Amino acid sequence: MALDVKFGVSTWLWTSPFNSEAFKLFPKIKEYGYDAVEIPVEDPGLIHSTEVKKALADHGLEAVICGAFGPSRDLTHEDPSFHQTCFDYLDQCFAIAAELGTGFVAGPMYSAVGKARLVSVEQKKVEWNRAVSNLRKVCQRAREHGLEIAIETLNRFETDLINTSEELMQLIIDINEPEAKALLDGFHLNIEEPSIEQAIRNVGSKLIHVQVSENYRGTPGTGQTNWDAWKRGLEAVNYSGTISIESFTPEVKELAGAVCIWKPLVPSQDGFAKEGLEFLRNWASK
């Protein structure tokens with residue numbers, strides 16, 4: 001059975017941070033056949049929503065807004081000033097998302113990416129409770145904009161808080177707000193989940209966004225990912241959202257260093273986007 005989904009691609013595949021210069025990517029993203037552009041909000045001050053909205057409309061593209069959570073944007077930090085920094089940042093993301101009509105803001109917003117430590121059970125519980133309490137506040141802020149949040153699991157090398165779909169569902173249950181939803185990223189699932197299909201089933205109807213690349217962050221269809229399991233899982237939960245390709249360019253050194261991409265994964269970033277979409281459309285249509 002064919003999947004009823006849309007396809008997007010993150011501008012991180014070519015550039016960082018997103019700003020008006022990224023508009024030049026839109027014509028080829030549309031030419032390749034994408035439905036959506038995934039926009040990572042690293043610096044909200046660089047993103048002028050009215051201009052972005054016009055550029056998207058000019059090329060017949062939709063947007064997905066994804067947050068970037070560096071050390072200062074940490075809802076589990078012991079210092080409440082870090083929480084406020086993250087709240088303020090997410091408020092800006094919500095304003096951008098609302099203007100662009102995206103429906104949600106996505107990302108691992110419970111903690112700072114790269115905060116991966118061996119901590120005691122007691123300390124983890126303290127930080128879990130901070131994440132729950134603060135994400136309830138985030139949900140309330142999202143609600144004011146008519147939005148939801150798509151919370152992402154990360155692999156163990158990028159966070160020590162939420163690594164699996166089961167942990168993500170427990171977090172969503174504990175938050176207990178209707179705006180709290182799920183994002184699954186295939187790169188992280190390939191590291192942490194015994195079964196991709198079961199991971200998708202675990203989050204079920206909470207799943208509102210999907211990100212994919214190959215197990216090595218390369219072009220979909222060229223690695224070890226179990227795409228049949230992906231298909232079965234998405235069919236089982238009746239997923240009808242966007243599937244975005246997310247990977248990164250080694251040409252932006254700060255970004256490449258953050259995600260540990262030390263060499264080119266493909267001969268061409270354009271080829272990555274084009275060939276990846278060709279594979280995904282064929283896979284989804286069967």
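The structure presented is a predicted model; accordingly, all values stated were derived computationally and were not measured. In this chain, numbering begins with 1 at the start of the sequence shown.
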Student: Has Lys6 got more than 12 heavy atoms of other residues, nucleotides or ligands less than 6.0 Å from its NZ?
Tutor: no
Student: Measure from the side-chain N and O atoms of Lys206 to the backbone N and O of Met169, and report whether any donor-acceptor pair falls under 3.5 Å.
Tutor: no
Student: So which of Leu207, Ile208, Leu3, Ile200 actually passes side-chain contact (heavy atoms from CB on, under 4.5 Å) with Tyr239?
Tutor: Leu207
Student: Verify, without hydrogens or angle tests, whether Thr242 (side chain) and Ser244 (backbone) share a donor-acceptor contact under 3.5 angstrom.
Tutor: no
Student: Among Asp185, Thr225, Asn226, which residue meets the side-chain hydrogen bond (donor to acceptor under 3.5 Å, both in side chains) test with Asn190?
Tutor: Thr225
Student: Would you mind listing every side chain to side chain donor-acceptor pair (under 3.5 Å) that reaches into residues 269-278, with sequence neighbours excluded?
Tutor: Trp14-Asp270, Lys28-Asp270, Lys274-Glu278
Student: Hey, is Glu197 close enough to Lys231 for a salt bridge, meaning N to O under 4.0 Å?
Tutor: no
Student: Charged N to carboxylate O under 4.0 angstrom, Lys125 versus Asp174?
Tutor: no
Student: Is there a side-chain contact between Trp283 and Ile243 in this structure, where contact means two heavy atoms from C-beta onward sitting under 4.5 Å apart?
Tutor: yes
Student: Do Tyr32 and Val64 sit in the same hydrophobic cluster, where Ile, Leu, Val, Met, Phe, Trp and Tyr count as joined when their side-chain heavy atoms come under 4.5 Å apart?
Tutor: no
Student: State whether the number of non-hydrogen atoms from other residues, nucleotides or ligands found under 6.0 Å of Glu167 atom CD is greater than 12.
Tutor: yes
Student: Which pairs of donor and acceptor atoms, one on a side chain in residues 93-117, lie under 3.5 Å apart (sequence neighbours left out)?
Tutor:
from	atom 1	to	atom 2	distance (Å)
Thr102	OG1	Phe104	O	3.1
Tyr110	OH	Glu152	O	2.7
Ser111	OG	Asp74	OD1	3.4
Ser111	OG	Thr76	OG1	3.2
Lys115	NZ	Asp74	OD2	2.8
Lys115	NZ	Thr76	OG1	2.9
Arg117	NE	Asp160	OD2	2.8
Arg117	NH1	Glu127	OE2	3.1
Arg117	NH2	Glu127	OE1	2.7
Arg117	NH2	Asp160	OD1	3.1
Arg117	NH2	Asp160	OD2	3.0

Student: If you count heavy atoms of other groups shown closer than 6.0 angstrom to CD of Glu78, is the number above 12?
Tutor: no
Student: Measure the shortest side-chain to side-chain distance between Thr249 and Thr15 over non-hydrogen atoms and say whether it is less than 4.5 angstrom.
Tutor: no
